[in-house]
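Quick note: residue numbers are just sequence positions, from 1.
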Amino acid sequence: QVQLVESGGGLVQAGGSLRLSCTASGTIFISNTMAWYRQAPGKQRDLVAVIHRGFTTNYADSVKGRFTISRDNAKETVYLQMNSLKPENTAVYYCNSYPSSFGWGQGTQVTVSS
């Protein structure tokens with residue numbers, strides 16, 4: 001059974017930075033395309049960034065140039081570096097495969113104050 005554990009969230013002022021981490025266990029991590037998703041209160045879960053097995057990346061237009069997704073296959077961990085944060089980035093952030101095929105973890109709360 002795959003387990004996803006997200007961490008690194010917190011409260012930050014607008015313009016600040018956070019680095020999220022997600023560790024996956026129970027799967028052959030290196031063979032999966034991984035992604036970060038987020039869900040704001042009252043909204044659907046949206047795709048934020050994708051990193052493919054070959055390390056190519058894709059981003060939602062709203063985060064391009066500010067967020068960077070990366071992965072460390074040896075540590076079975078995917079990261080999301082978030083810079084120049086805005087209040088509208090407030091959400092619970094989750095990782096999963098892309099497309100999502102694993103059970104969702106608990107996520108990590110990111111709150112950006114204005």
Side-chain angles (χ1 to χ4, degrees):
Q1 182 176 355
V2 177
Q3 285 191 317
L4 301 168
V5 179
E6 300 93 346
S7 63
L11 173 64
V12 64
Q13 288 188 330
S17 298
L18 285 172
R19 188 194 194 206
L20 307 183
S21 299
C22 171
T23 300
S25 60
T27 183
I28 304 174
F29 180 83
I30 195 172
S31 66
N32 288 292
T33 293
M34 297 298 294
W36 283 95
Y37 304 78
R38 65 187 175 191
Q39 187 167 20
K43 296 188 177 181
Q44 67 179 16
R45 188 173 288 154
D46 292 330
L47 179 66
V48 176
V50 179
I51 185 163
H52 300 269
R53 291 175 293 175
F55 293 86
T56 56
T57 57
N58 301 96
Y59 298 92
D61 287 344
S62 62
V63 306
K64 281 181 181 177
R66 299 187 299 119
F67 289 12
T68 302
I69 189 171
S70 60
R71 65 191 296 164
D72 185 332
N73 289 335
K75 295 181 179 179
E76 297 184 318
T77 300
V78 60
Y79 303 97
L80 186 68
Q81 176 67 44
M82 305 187 295
N83 299 328
S84 301
L85 282 161
K86 304 176 180 180
E88 53 263 42
N89 299 140
T90 294
V92 179
Y93 284 71
Y94 303 87
C95 73
N96 209 312
S97 59
Y98 179 78
S100 59
S101 60
F102 304 139
W104 294 96
Q106 84 287 351
T108 186
Q109 175 71 50
V110 172
T111 303
V112 185
S113 63
S114 57

With Q44, which residues qualify under side-chain hydrogen bond (donor to acceptor under 3.5 Å, both in side chains), at least two apart?
-> D46
Specify the closest pair of heavy atoms between [X] and [Y], including all atoms of both residues, with the distance to one decimal.
X: L11; Y: S113; result: CD1-CB, 4.4 Å
X: V78; Y: S70; result: CG2-O, 3.2 Å
X: N89; Y: R38; result: ND2-NH1, 3.3 Å
X: M82; Y: V110; result: CE-CG2, 3.8 Å
X: F29; Y: D72; result: CE2-O, 4.0 Å
X: S114; Y: P87; result: CB-CG, 3.8 Å

Using modelled atom types only, decide if a donor and an acceptor are shared between the side chain of Q106 and the backbone of E6 within a distance under 3.5 Å.
->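 Checking the backbone N and O of E6 against the side chain of Q106, a donor-acceptor pair under 3.5 Å is found.
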Which one of N73, N96, T27 satisfies the side-chain hydrogen bond (donor to acceptor under 3.5 Å, both in side chains) criterion with N32?
->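 Exactly one option meets the side-chain hydrogen bond (donor to acceptor under 3.5 Å, both in side chains) with N32, and it is T27.
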Partners meeting side chain to side chain contact (heavy atoms under 4.5 Å, CB included) with S84 (sequence neighbours left out) = R66
Disulfide (SG to SG under 2.5 Å) contacts touching residues 50-84 (sequence neighbours left out) | none
Using residues 17-26 as the side-chain source, report each donor-acceptor pair under 3.5 Å to any protein atom, sequence neighbours left out, with the distance given to one decimal.
residue, atom, partner, partner atom, Å
S17, OG, N83, OD1, 2.9
T23, OG1, T77, OG1, 3.3

Please, which pairs that meet ring pair (Phe, Tyr, Trp, His ring centres under 6.0 Å) have at least one residue in residues 79-114, sequence neighbours excluded?
-> Y37-W104, Y94-W104
Taking atom CD of Q3 as the centre, does the number of heavy atoms from other residues, nucleotides or ligands within less than 6.0 Å exceed 12?
->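 For Q3, atom CD is not crowded (no more than 12 foreign heavy atoms under 6.0 Å).
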What pairs of donor and acceptor atoms, side-chain ones from residues 49-58 against any protein atom, are under 3.5 angstrom apart with sequence neighbours left out?
residue, atom, partner, partner atom, Å
H52, NE2, N58, OD1, 2.8

Audit row: I69, M34, side-chain contact (heavy atoms from CB on, under 4.5 Å) steps and yes/no = CA-CA 9 Å; I69 189 171; M34 297 298 294; 5.7 Å; no
Please test L85 against Q13 for side-chain contact (heavy atoms from CB on, under 4.5 Å), starting from the C-alpha separation and ending with a verdict.
-> CA-CA 8 Å; L85 282 161; Q13 288 188 330; over 6 Å; no
Find out if a path of hydrophobic residues (ILVMFWY) with successive side-chain heavy-atom gaps under 4.5 Å connects V112 to V63.
-> yes
